[in-house]
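Both backbone and side-chain heavy atoms feed into the values below; hydrogens, waters and symmetry mates do not. Predicted, not measured: the structure shown is a model, and the values here were computed from it.
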Amino acid sequence: MNDDKGEGVAIANLIGADGCSIVGWVYCWTTGAHAVMWDVHGPKPVSEIRPDLTAEQKQEIAFDALTRIGSGDSR
């Protein structure tokens with residue numbers, strides 16, 4: 001993706017439950033919005049974000065929900 005054309009730029013990696021695999025990325029759009037893009041295997045539980053994001057950015061991408069993917073806890 002190319003920020004010059006109004007697209008998103010990857011700003012962080014989503015790290016899987018194993019603590020080392022990358023399962024997705026956090027993108028920042030030219031509008032300032034943030035979004036998650038998963039790898040080809042789809043959503044997986046996330047243990048952390050590298051580099052870490054601000055509390056506001058984590059709230060925007062629903063980080064707490066990303067850590068519960070597949071747990072059956074839909075809150």
Side-chain angles (χ1 to χ4, degrees):
M1 296 188 181
N2 185 338
D3 190 41
D4 293 339
K5 298 189 188 302
E7 297 179 358
V9 174
I11 60 168
N13 296 315
L14 298 173
I15 307 302
D18 64 3
C20 61
S21 62
I22 297 173
V23 296
W25 302 268
V26 177
Y27 277 80
C28 182
W29 301 96
T30 55
T31 61
H34 295 84
V36 168
M37 178 181 283
W38 298 105
D39 73 3
V40 297
H41 301 289
K44 301 264 192 243
V46 175
S47 64
E48 64 181 290
I49 300 172
R50 293 184 196 153
D52 200 14
L53 300 177
T54 66
E56 293 82 16
Q57 291 169 320
K58 285 181 179 178
Q59 184 175 9
E60 185 176 354
I61 63 166
F63 178 70
D64 289 339
L66 299 179
T67 64
R68 295 189 306 266
I69 291 174
S71 71
D73 182 1
S74 60
R75 287 184 273 146

Listed partners of T67 passing side-chain contact (heavy atoms from CB on, under 4.5 Å), at least two apart: F63
Pairing residues for Q57 by the side-chain contact (heavy atoms from CB on, under 4.5 Å) criterion, not counting sequence neighbours: I11, H34, L53, T54
Sole residue of I15, D64, N13, L66 in side chain to side chain contact (heavy atoms under 4.5 Å, CB included) with V46: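 It is L66, the one option of I15, D64, N13, L66 that forms the side chain to side chain contact (heavy atoms under 4.5 Å, CB included) with V46.
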What is the minimum heavy-atom distance between [X] and [Y], and which atoms define it?
| X | Y | result |
| --- | --- | --- |
| P43 | I69 | CB-CD1, 4.0 Å |
| S47 | G16 | OG-O, 2.7 Å |
| A35 | W29 | CB-NE1, 3.5 Å |

Selection residues 43-52 - residue pairs positive for salt bridge (Lys or Arg N to Asp or Glu O under 4.0 Å), sequence neighbours left out: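 Every salt bridge (Lys or Arg N to Asp or Glu O under 4.0 Å) pair that includes a residue of residues 43-52, provided the two are not neighbours, is E48-R50, D52-K58.
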Heavy-atom side-chain proximity of I49 to L14 below 4.5 angstrom: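 Touching, per the 4.5 Å side-chain cut-off.
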